[in-house]
Amino acid sequence: MPGIVGLITKKPREWAEPQLLRMVQSICHESFYNTGTWIDESLGVYVGWTVRKGSLSDGMPLHNERGDVTLVFSGEEFPEPGIACRQKGRGHSVDPKGLSYLVHLYEDDPAFLASLNGRFHGLLIDQRHGTTTLFNDRYGMHRVYYHQSKEAFYFAAEAKAILALRPELRALDPSGLGEFIICGCVLDNRSLFKDIYALPPASAWVFRNAGIERKDLYFQPKEWENQGVLDAEAYYRELRDVFARNLPRYVESQERVGLSTTGGLDTRMIMAWWKPQPGTVPCYTFRGMYNDCQDVVVGRKIAKFWQQPHHEILVGEDFLSRFSHYAERSVYLTDGCVEVIRSPVLYTNEKVREIAPVRMTGNYGSEVLRRLVAFKPSEPTKGLFNPELAPQFRQAKENYAMLRKGHPASFISFKQTPWHHFGLAALEESQLSPRSPYLDNDMVRTAFRAPDSSLVKGEIMADNDDCLRLIAEGNPALSRIRSDRGLGGPGGAFGSLTRAFFEVTFRAEYEYDYGMRPSVARVDHLLSPLHLERLFLGRHKYYHFRVWYRDALSKYVQEMLLDPRTLSRPYVQRSTVEAMVDGHLKKGQNHTGAIHKILSLELIHRLFLDSN
């Protein structure tokens, strides 16, 4: 994803500057990126960046009027309205359309980071005091990797920029590997790579004389945990007021904004309170190759009602014919933080960028408002991995259990969000600017005040009453259109039957795809010439890897997983991999999840560990 890279060092410029240029080059992935560098040799600061052309953070670096404070900022910040006017009133020179107000916020209040609202990271150089501050957003979603050596402190938006300079780090971290296999992501602000770490959320690390002076945090989750819990009605009123007041910050942009329309409630809430002129907001939905999924059916309907154009982006033969490219690219762009199952996301967001470079979504709504836990440990396929990994697997499960303790909203916001959701967000951000009002600071702060009545047996229930009520108050007509799972719309017996039908089709699709039992999979394999997948698949999801691996992608699976390089990796059991491939492709077995994992790990090896 676009972001900053650099090093802080006492070494001379002739040593440091070539390293900086190599770091910038290593993360310049697209022709629509701009790049730049800035150096302060006296402070030992060497910083570079990539940025999507025309995006909010294009035009770095930022300086104050005297030129003794410099800010390199990456990402987006959504301030209170009128910030530029207030800065001008204090005598500052401010560009009303850009981010120049940020450097003046620091001049007025050195603790300004706590007031920022968005997904970002940056480097602030104050030549008056001889300090440099490396910082990120309070959720850690715009990630910064770092590595400290005797020569320099390295930092980068992508781990590959550090690996490009430090070949000794081209090794998997044992704990990271165990967590990646068991949890699908690396925990505790570590990375997959030895001695490369992620900056903790809400960091403000201060450097002086090319060394770390202190590792500050400008925000602690306790600040929100210690709020009083509201009763149900007071909570809803505050939630509604915060959502309605702050949504305009996210839909206003110097670039064209599009909306990812789905059948869910989180997108619908945005539509209910956003009042654009007809024909000004392009909408789009992703569709599969078998049926019109409910996202398409509902997205088409609500876009028409909203009087906006609607596009359908097909993930079909074109994607499958280039799957090797998108699988490799997805793993590479995210430093291995997504598995190959996410490759359709890269394909679709390439298409979306051509429609509108800013993408509004309902992402994180279910997690923040309904405290949906999106990942948990799962046992790997028996016999697939070397038994010597058992301690790492056990430790991964113990780490996860420990992290789940404490306030559930803190786990969602400050652990699940930067660790589990980061990879997908980074993949999207490589192509465009994704936005969601559900990570707005006021929104998340309010969600911490949810009443205890929503707690049942220690778990947050997915109670959609507040969401449906919010939609109805914003746009009553939109509330009468059912969601992809049958929520909303007319009640009564017909409404209950409709919800039951959608739940049955949702479950049937899962069972036919990822959850298919071995006995059923064998029968399905025998009947594959009849293409029964057209009856069950595509009603709720737009990609279907069990069938794809068996049919359209079978050659790729064989070439990758039966390659001697793959079979020689120290953590896999060769015989199990061979049997798994043969079983899935030829005997009607279902090893979709294991194929995802081994393909992803092999690409990580080839792209980062074996590569020069």
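Bear in mind the structure is a predicted one, so any value in this text is a computation, not a measurement.
- Residues forming a salt bridge (Lys or Arg N to Asp or Glu O under 4.0 Å) with Lys597 (at least two apart in sequence, or on another chain): Glu339.
- Taking the six-membered ring for Trp and the full ring otherwise, the centers of Phe219 and Phe414 sit less than 6.0 Å from each other.
- Using modelled atom types, no side-chain atom of Asn590 and backbone atom of Arg546 make a donor-acceptor pair closer than 3.5 Å.
- Using modelled atom types, one finds a donor on one side chain and an acceptor on the other under 3.5 Å when comparing Ser410 with Glu225.
- Panel note: side chain Asn386, backbone Pro570; a donor-acceptor pair is recorded below 3.5 Å.
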Salt bridge (Lys or Arg N to Asp or Glu O under 4.0 Å) between Lys160 and Asp335, worked out:
CA-CA 7 Å; Lys160 65 180 69 64; Asp335 296 316; 2.9 Å; yes

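- Between Tyr400 and Phe375, the distance separating the two ring centers is shorter than 6.0 angstrom.
- Side chain to side chain, Ser260 and Arg359 meet the donor-acceptor criterion of an N or O pair below 3.5 Å.
- In this structure, Arg435 does not pair ionically with Glu428, as no charged nitrogen and carboxylate oxygen lie closer than 4.0 Å.
- Among His544, His591, His596, the single residue meeting the ring-ring contact (aromatic ring centres under 6.0 Å, His included) criterion with Tyr549 is His596.
- Between Arg143 and Glu429 there is no salt bridge, since none of the side-chain N atoms of the basic residue sits less than 4.0 Å from a carboxylate O of the acidic one.
- Within the 4.5 Å cutoff, the side chain of Arg370 has heavy atoms near those of the Asp266 side chain.
- Listed for the Glu77 side chain is a donor-acceptor partner under 3.5 Å among the backbone atoms of Asn117.
- Of the possible donor and acceptor atoms, one in the side chain of Asn136 sits under 3.5 Å from a partner among the backbone N and O of Ala202.
- More than 12 heavy atoms of other residues, nucleotides or ligands lie within 6.0 Å of CD in Glu168, so this atom counts as buried by the packing criterion.
- Within the cation-pi definition used here (under 6.0 Å to the ring centroid, within 45° of the axis), Arg404 qualifies as a partner of Phe411.
- Arg170 places a side-chain N or O within donor-acceptor distance of the main-chain N or O of Phe608, the cut-off being under 3.5 Å.
- Taking the centre of each ring, Tyr332 and His29 come in below the 6.0 Å mark.
- Two rings, from His407 and Phe448, have their centers less than 6.0 Å apart.
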Step-by-step side chain to side chain contact (heavy atoms under 4.5 Å, CB included) determination, Ser26 to Glu158
CA-CA 9 Å; Ser26 71; Glu158 299 178 21; over 6 Å; no

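- Between the side chain of Asp137 and the main chain of His142, a donor-acceptor pair closer than 3.5 Å is present.
- Side-chain atoms of Leu177 and Gln392, non-hydrogen and from C-beta on, never get closer than 4.5 Å to each other.
- Ring centers of His421 and Tyr139: at least 6.0 Å apart, outside the cut-off.
- With ring centers used as reference points, Phe135 lies 6.0 Å or more from Tyr218.
- Counting only heavy atoms from C-beta outward, the side chains of Leu172 and Ile604 approach each other to under 4.5 Å.
- There is a side-chain donor-acceptor pair under 3.5 Å between Tyr250 and Asp440.
- Not one N or O on the side chain of Thr262 forms a donor-acceptor pair closer than 3.5 Å with the backbone of Asp295.
- Between the side chain of Gln227 and the backbone N or O of Arg445 there is at least one donor-acceptor pair closer than 3.5 Å.
- Using modelled atom types and a 3.5 Å distance limit, the side chains of Thr566 and Arg606 yield a donor-acceptor pair.
- Ring pair Tyr146/Tyr197 is tilted by interplanar angle, where 30° to 60° counts as tilted.
- Here the two rings, on Phe155 and Trp205, have centers that are 6.0 Å apart or farther.
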